[in-house]
2 protein chains.
Amino acid sequence: MAAVNDQQDIKREKILEASHQRFLHYGYSKTTMNEIAGDLSMSKALLYYYFPDKSQLYIAVMRKLATDYLKTLENRLNTFTNLKEAFTFQVNTHHEFIVNNYNFFDFFRLNEQNLPETIWQIVSEVHSAELNLLSNAIKSEVEKGAIKPVENPDEVVDVLMDALHGIRVGAISQKKTNFPRKEHLEEIHHKKLLLLDIFIKGLMY
Amino acid sequence: MAAVNDQQDIKREKILEASHQRFLHYGYSKTTMNEIAGDLSMSKALLYYYFPDKSQLYIAVMRKLATDYLKTLENRLNTFTNLKEAFTFQVNTHHEFIVNNYNFFDFFRLNEQNLPETIWQIVSEVHSAELNLLSNAIKSEVEKGAIKPVENPDEVVDVLMDALHGIRVGAISQKKTNFPRKEHLEEIHHKKLLLLDIFIKGLMY
DNA sequence: TTTTGATAGTTTTGTTAAAAAAGTCAGGAA
DNA sequence: TTCCTGACTTTTTTAACAAAACTATCAAAA
């Protein structure tokens with residue numbers, strides 16, 4: 001029983017890996033089930049044995065990415081010695097995550113509207129975890145007396161995250177391109193850290 | 001001579017007004033030259049007598065909007081008694097401008113890429129004026145000794161403006177809709193002011 | 001100089017057929 | 001029973017092309 005399920009799980013995992021590569025390099029719409037099956041030397045029908053349809057497969061890959069990301073955050077939860085460390089960690093990790101999976105997310109950009117509910121669930125899960133990490137960092141700093149009391153930490157973190165997101169959007173929309181190029185990435189990162197710096201000072205005594 | 005040109009200018013103005021209304025309510029692509037001509041009870045050909053083509057007409061309207069906006073900013077340049085007043089003014093004015101002309105700008109959202117160079121000129125002109133206003137406010141505060149010296153005021157303001165923009169984008173992209181609804185507008189405005197508050201404190205001693 | 005009706009030229013929209021991809025299923029192998 | 005496939009059906013995308021809508025031009029009238 002367990003062995004059988006192990007086997008299944010291993011195959012599922014293999015499918016997810018192959019799908020991830022395809023989605024990452026070619027995006028959702030330019031990836032066909034035949035290609036994924038081909039990569040794994042299996043029949044397309046078998047994919048449908050393991051996953052109900054293409055969008056569910058995509059969501060499963062996303063779920064996996066999100067889980068890994070959440071694990072990274074959880075590992076460091078409440079391990080920071082000061083606010084700056086926490087915030088910087090969040091910025092760096094998030095940045096890396098987005099950059100590494102940029103093409104993967106074109107499903108979003110193209111569909112924009114009417115995405116499956118599950119996707120929004122995952123997005124909001126990730127968002128909550130990020131918010132939680134930063135919010136906790138603030139609370140613990142307040143307790144330590146390192147910064148002045150914050151009325152509503154969650155709201156403050158929410159604003160910060162929107163602001164950080166804006167840095168990326170702003171830097172991109174100025175240029176003719178929708179893709180952040182290598183040189184922009186440096187600029188974006190630098191701006192984010194500058195914002196962080198001022199923001200943190202704004203929370204101190 | 002002068003009278004003739006006055007007449008021309010008045011007609012141009014009328015055309016710009018009618019066009020503005022159409023573009024505002026229906027956007028660029030859903031507005032036809034026939035409709036604008038119809039609103040003014042003139043022939044479509046006459047529009048082409050006054051303006052070389054549709055996109056130039058749109059740009060002329062935009063130019064007018066931008067000029068008004070720039071005037072508003074210029075009027076208050078260097079009239080602020082403190083940073084918060086300056087920043088709040090900028091946020092409120094900008095917010096109002098965007099909200100009032102939201103539909104007008106769908107030309108941007110749809111074309112995104114490959115907009116005429118003139119448009120980018122206007123955008124960058126407005127951006128510079130905004131940046132200038134805030135940057136001056138910072139410099140004068142530094143001179144007064146009200147806040148600590150800022151290494152590169154322009155860069156700081158640039159980051160702030162991206163961040164503010166992010167608040168709007170973030171609040172919108174969470175929801176299913178691309179349009180900011182009435183209830184969002186309140187939320188966005190509130191968040192912007194909160195960000196401003198923290199940001200300003202971050203610049204103080 | 002200003003204005004227009006007629007019209008030329010271009011872009012968008014609608015239609016349809018072929019191609020490609022998604023998704024299903026009866027049945028074979030393990 | 002679980003895992004897997006080839007052949008099949010259904011749905012979606014693409015391509016080609018005609019019709020419609022719109023932009024833009026121009027000769028001529030006011």
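Just so it is clear: chains get the letters A, B, ... in the order the sequence lines come, proteins before strands, and each one is counted from 1.
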Enquirer: Please determine if a side-chain N or O atom of Y49(B) lies less than 4.0 Å away from the OP1 or OP2 oxygen of dT2(C).
Expert: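 The answer is yes; a side-chain N or O of Y49(B) sits under 4.0 Å from OP1 or OP2.
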Enquirer: Give a yes-or-no answer on whether the side chains of E130(A) and Y69(A) include a donor-acceptor pair shorter than 3.5 Å.
Expert: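 Looking only at side-chain atoms, Y69(A) and E130(A) do form a donor-acceptor pair, the distance falling under 3.5 Å.
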Enquirer: To the nearest Å, give me how far apart CG (L46(A)) and C1' (dC25(C)) are.
Expert: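 It works out to 14 Å between those atoms.
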Enquirer: Distance check needed: dA21(C) C1' versus L57(A) CG, whole Å only.
Expert: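 Going from CG in L57(A) over to C1' in dA21(C) covers 15 Å.
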Enquirer: Looking only at the side chain of K11(B) (C-beta and beyond, no hydrogens), which of the listed nucleotides dT4(C), dT3(C), dC4(D) gets closest?
Expert: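 Selected nucleotide: dT3(C).
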Enquirer: Got a sec: does the CD of E74(A) have more than 12 other heavy atoms crowding it under 6.0 Å?
Expert: no
Enquirer: Kindly write out the residues that satisfy salt bridge (charged side-chain N to carboxylate O under 4.0 Å, His left out) with E96(B), not counting sequence neighbours, or none if the list is empty.
Expert: none
Enquirer: Take atom NZ in K30(B); do more than 12 heavy atoms of anything else shown fall under 6.0 Å from it?
Expert: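 Incorrect, the count does not exceed 12.
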Enquirer: If the sugar-phosphate is the primed atoms plus P, OP1 and OP2 and the base is the rest, what is the B/S/- string for nucleotides 23-30 of chain D, using protein heavy atoms under 4.0 Å?
Expert: BBBB----
Enquirer: How would you list, by chain and number, every residue that makes a salt bridge (charged side-chain N to carboxylate O under 4.0 Å, His left out) with R76(B), sequence neighbours excluded?
Expert: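 Checked R76(B) against salt bridge (charged side-chain N to carboxylate O under 4.0 Å, His left out); matches are E85(B).
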Enquirer: Run the numbers on Y58(B) and F23(B) for ring-ring contact (aromatic ring centres under 6.0 Å, His included), then give the verdict.
Expert: CA-CA 8 Å; Y58(B) 177 88; F23(B) 289 141; 5.2 Å; yes
Enquirer: Starting at CZ of R12(B) and ending at P of dT3(C), how long is that distance when rounded to a whole Å?
Expert: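 My rounded result for the distance is 12 Å.
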Enquirer: Hey, would you say the F199(B) and F199(A) ring centroids sit under 6.0 Å apart?
Expert: no
Enquirer: Which whole-number value in Å describes the distance from Y26(B) OH to dC22(D) P?
Expert: 14 Å
Enquirer: Give one of base, sugar-phosphate or nothing for Y50(A), where a contact means two heavy atoms less than 4.0 Å apart.
Expert: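 Sugar-phosphate contact only - Y50(A) comes under 4.0 Å of backbone atoms but never of a base.
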Enquirer: Taking atom P of dT24(C) as reference, at what distance in whole Å does atom CZ of F51(A) sit?
Expert: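 From F51(A) CZ to dT24(C) P: 15 Å.
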Enquirer: Starting the side chain at C-beta, find the nucleotide from dT4(C), dT5(D), dT2(C) nearest to M42(A).
Expert: dT5(D)
Enquirer: Output the rounded distance in Å from CG (L47(A)) to P (dG6(D)).
Expert: 13 Å
Enquirer: Nearest-Å distance, NZ (K14(A)) to C1' (dC4(D))?
Expert: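 Computing the K14(A):NZ to dC4(D):C1' distance gives 17 Å.
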